[in-house]
Amino acid sequence: MAQARTLRHLIDSRDLSVREIASLLRTADAILAHPKEYAAACAGQKIATLFYEPSTRTRLSFEAAMLELGGAVLGFSSQDSSSAAKGESVADTIRIVSGYADAIVLRHPKEGAPVVAAKYAAVPVINAGDGGHNHPTQTLTDLMTIHRELGGLEGLTVGLCGDLKFGRTVHSLVSAMTRYPGTRFVLIAPQELQAPEYVLDMIRQAPAECSFTLRRSMEEVMPSLDVLYMTRVQKERFFNEADYVRLRDSFVLDPRKLRGAKTGMIVMHPLPRVNEIDPKVDESPYARYFEQANYGKYIRMALLLALLKGEGGAL
Ligand code: NCD
């Protein structure tokens, strides 16, 4: 009798090895080049998108990804429209949805909720963002963007700017990029929004040789950057409105600040942006955030193929 495959979840970007990430990137490139060849790859299968927090790109790109693979999608897009509003626990919801779908994509405001979900799930659980903690599929999107736009993931100087404290996409991206040799992180934030100590520790204890500097201004570091990763100040994670209002416009990227940038540098942003990138930057040769959002669909197709079909390697 064929051995059942072990259940794999994606909770943290380090749940994937560097080889597995390389394999997902190859699959995503192949899908992007020949999307029609994958149009029935997941026919007869379903994913459930359980979103307890707002989302546009993550949820819709997962749904588009599954539909473009010939599969189907069910789920909810807010706590209020699910039994969570009646007090149902994540554990119970996951047990039930495990019987309705072949994989579960979960976004939750509580850090660690996907770990609980994985404990009770009979199908793969994909963390689509847990509070201010992690967002591994955004990281896959970011890695695909860097890989396609800069041709590789090693030896890069990556500026991360904005809310490095609460920004889960930053935490996951740092975690992933510490495994590529020569990454130099430039962490640009007001003191109160600097990256938490555990994130700095990930760089100090990086599996590959990496370094970081803490900065308060983007202009002075602009010429050194290969990537400038802008982020939104995470209003929903602040304890009081006054602190948010004081910090929200700490860093606003405009064409003037980009003057010192290297040719070929790319500006990324997981989106949504609020005020931190002047729309005039959209026309500059550096802007890649809309391409980035588009890559998100292809890398999620590759991930779903790997989790549901075992395609593209060991997942
Ligand atoms: C991010 C998130 O939800 O963490 N958005 C996304 O998934 N593209 C970033 C953010 O909300 O600021």
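Positions are given from 1 along the sequence. Just so you know, ligand 1 is whichever comes first in the structure, and atom 1 is the first atom listed for that ligand. Below, each value reflects all heavy atoms present in this structure, side chains not excepted, and no hydrogens, waters or symmetry copies.
- Ring geometry for F76 against Y52 counts as perpendicular: the plane angle is over 60°, on a 0 to 90° scale with 30° as the lower cut.
- Checked against ring-ring contact (aromatic ring centres under 6.0 Å, His included), H135 has no partners two or more places apart in sequence or in another chain.
- The six-membered or imidazole ring of F238 lies near that of Y244, with a centre-to-centre distance under 6.0 Å.
- Under the 3.5 Å distance criterion, the side-chain polar atoms of T178 are left unmatched by any main-chain donor or acceptor of A206.
- The ring-ring contact (aromatic ring centres under 6.0 Å, His included) check on H269 picks up nothing, with sequence neighbours excluded.
- The salt bridge (Lys or Arg N to Asp or Glu O under 4.0 Å) contacts involving residues 163-187 comprise E53-R168, where partners must be two or more places apart or lie in separate chains.
- For ligand 1, residues of the protein lying within 4.0 angstrom by heavy-atom distance are T58, R107, H135, Q138, R168, T169, R232, Q234, P270, L271, P272.
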